[in-house]
Amino acid sequence: MSKVRIVTDSDASIPAEIIEKYSIEVIPQVLKIGRERFEDADGFSADRLFQLIRENQSGGRILLPEVEAPDISRLMDVYQRLGQDAEEIVAIHMSSSLSPMWSQSRKAADMMMGRYRIRVMDSQTTAIGLGMLAELAAEAAEGGADLYEVARIVNGAIPHIYVTFFAETLYYLERSARLGAAQSVLGTMLGIKAMVTMEDGQLIPLEKVQTREDVAEKLYDYIAEFAQNERIGLVQHRYEQTQEQLLERLEEGLPNISAKVWRYPPSLAAHLGPSVMGVIVYEGLY
């Protein structure tokens, strides 16, 4: 086993065989709906999240979910367990603008300072992008890289991950407490279909799109902008037909590009809501 263990959270999209191969530790995020809390573990999906939201509606008012981190003692238990076998630990988490996981994980690491060497990193991305960083870190650790080298590789990769989504509603994003620069433009964009991108880890409404037919073409154009697309990930919710259109368009126009379809993580769905189509591009790192 590598002397550096990699930790991430359940927002990350990582193939099961990769998790097993590199012994990546995945810590569940927590979704709070009303007074109830649900772990983003096996069996919990975006569909289940939206079902719970519907069941908890009161007087037609949507009770929006909140993304939480697990109790700090649980994170400390994870680090203590891994530290018994590994010399160093690198934890890479969902963007700190979208989840408190990075902050909570860092607190846990600080409380264990002196006993274990732990580096906690803000991925500034989500879903497929986070999974790609965790896999990249695990590959480096397996190859003998130490904590500092793994962190250097991850920091170098973050600026090469590009994210954009198409969301049918901005209601979820509007109610988010972490809008940042998006706050200034929401007033002119509420009630329309919108493209949303990530900048410095924040979800930012970018432009409006009129029809679903426009979505596949706009996402294709977005992917085609990059000179070297090493990995392409697609995520969707209730956009199966648009996803197929995009895959066909990629096969026709960019036959050398291989795109994988991943799940829509509940921790991201809590910010973007239902009916979403998006892509994450990992550019030129292999």
Side-chain angles (χ1 to χ4, degrees), residues 6-14 24-41 44-46 48-50 52-53 56 62-82 89-113 116 118-131 133-134 137 151 154-155 158 161 163 165 171-183 196 198-204 263-273 280:
I6 305 303
V7 175
T8 189
D9 57 68
S10 56
D11 178 69
S13 298
I14 313 174
I24 298 173
E25 186 77 18
V26 181
I27 303 175
Q29 299 249 20
V30 177
L31 280 298
K32 179 185 176 185
I33 304 173
R35 296 181 179 179
E36 295 187 89
R37 288 172 171 80
F38 304 86
E39 280 196 351
D40 180 13
F44 193 84
S45 63
R48 176 61 175 151
L49 174 69
F50 295 128
L52 290 167
I53 292 171
N56 283 274
I62 298 177
L63 189 64
L64 293 180
E66 298 177 28
V67 181
E68 295 187 346
D71 188 82
I72 196 166
S73 62
R74 180 169 183 178
L75 293 170
M76 292 175 68
D77 287 344
V78 169
Y79 288 144
Q80 184 173 8
R81 173 170 51 82
L82 296 181
I89 299 169
V90 175
I92 312 165
H93 292 298
M94 182 182 189
S95 169
S96 61
S97 294
L98 303 178
S99 167
M101 179 67 86
W102 171 82
S103 177
Q104 188 84 319
S105 186
R106 187 169 180 178
K107 289 177 185 177
D110 287 345
M111 293 176 70
M112 306 187 81
M113 190 178 298
Y116 306 101
I118 306 170
R119 177 72 177 268
V120 181
M121 305 186 70
D122 181 353
S123 71
Q124 299 183 41
T125 190
T126 181
I128 313 152
L130 175 56
L133 291 175
V154 171
N155 279 325
I158 288 173
I161 294 179
V163 180
F165 296 99
Y171 179 70
Y172 286 71
L173 190 59
E174 176 200 5
R175 297 293 300 275
S176 169
R178 303 178 180 88
L179 284 174
Q183 189 70 51
V196 178
M198 289 197 79
E199 293 182 7
D200 298 324
Q202 297 181 349
L203 292 169
I204 308 293
R263 77 167 188 146
Y264 184 31
S267 48
L268 177 59
H271 292 280
L272 290 177
I280 295 180

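One is the number of the first residue; the rest follow in order along the sequence.
Between Y79 and V7 there is a side-chain heavy-atom pair separated by less than 4.5 Å. M101 places a side-chain heavy atom less than 4.5 Å from the side chain of P70. Contact annotation: the side chain of D9 approaches that of L130 to within less than 4.5 Å [non-hydrogen atoms, C-beta and beyond]. Taking 4.5 Å as the limit, every side-chain heavy atom of S267 sits out of range of all side-chain heavy atoms of L98. In this structure, the side chains of S97 and H271 stay at 4.5 Å or more apart for every pair of heavy atoms. Between L203 and Y172 there is no side-chain heavy-atom pair separated by less than 4.5 Å. Side-chain contact between L49 and L52 is absent, with no heavy atoms from C-beta onward closer than 4.5 Å.
Separation of atoms CD (E68) and CD (E39) is listed at 11.5 Å; rounding is to 0.5 Å. The line from CD1 of I161 to OG1 of T125 is 5.5 Å long, rounded to the nearest 0.5 Å. If you take CD on E25 and CD1 on I89, they are separated by 9.0 Å, rounding to the nearest 0.5 Å. Atom CD1 in I72 sits 12.5 Å away from atom CZ in R106 (nearest 0.5 Å). Note: M112 CE to M76 CE = 5.0 Å, rounded to the nearest 0.5 Å. Rounded to the nearest 0.5 angstrom, L268 CG and S99 OG are separated by 11.0 Å.
For A108 against L75, the heavy-atom pair with the smallest separation is CB-CB, 3.8 Å. For the pair Y264 and A269, the tightest heavy-atom approach, listed with the atom from each and the gap, is OH-CA, 3.3 Å. S95 and M198 make their closest contact through CB-CE, 4.2 Å (heavy atoms, listed as atom of the first residue, atom of the second, distance). What you find for S105 and A91 is that their closest heavy atoms are OG-CB, 4.1 Å. Shown here for L133 and S123, the closest heavy-atom pair between the two residues is CD1-CB, 3.6 Å. Taking all atoms of both residues into account, the shortest heavy-atom contact from I33 to P65 is CG1-CB, 4.0 Å.
With D11 contributing its side chain and M94 its backbone, the two residues share no donor-acceptor pair below 3.5 Å. Panel note: side chain S10, backbone Q29; a donor-acceptor pair is recorded below 3.5 Å. Between the side chain of T8 and the backbone N or O of H93, no donor-acceptor pair lies under 3.5 Å.
F44 pairs by the ring pair (Phe, Tyr, Trp, His ring centres under 6.0 Å) definition with F38, not counting sequence neighbours. Checked against ring pair (Phe, Tyr, Trp, His ring centres under 6.0 Å), F165 has no partners two or more places apart in sequence or in another chain.
Counting heavy atoms of neighbouring residues, nucleotides and ligands inside a 6.0 Å radius, atom CG of D77 exceeds 12 of them.
Screening I280, I128, V196 against V163 for a side chain to side chain contact (heavy atoms under 4.5 Å, CB included) leaves a single residue, I280.
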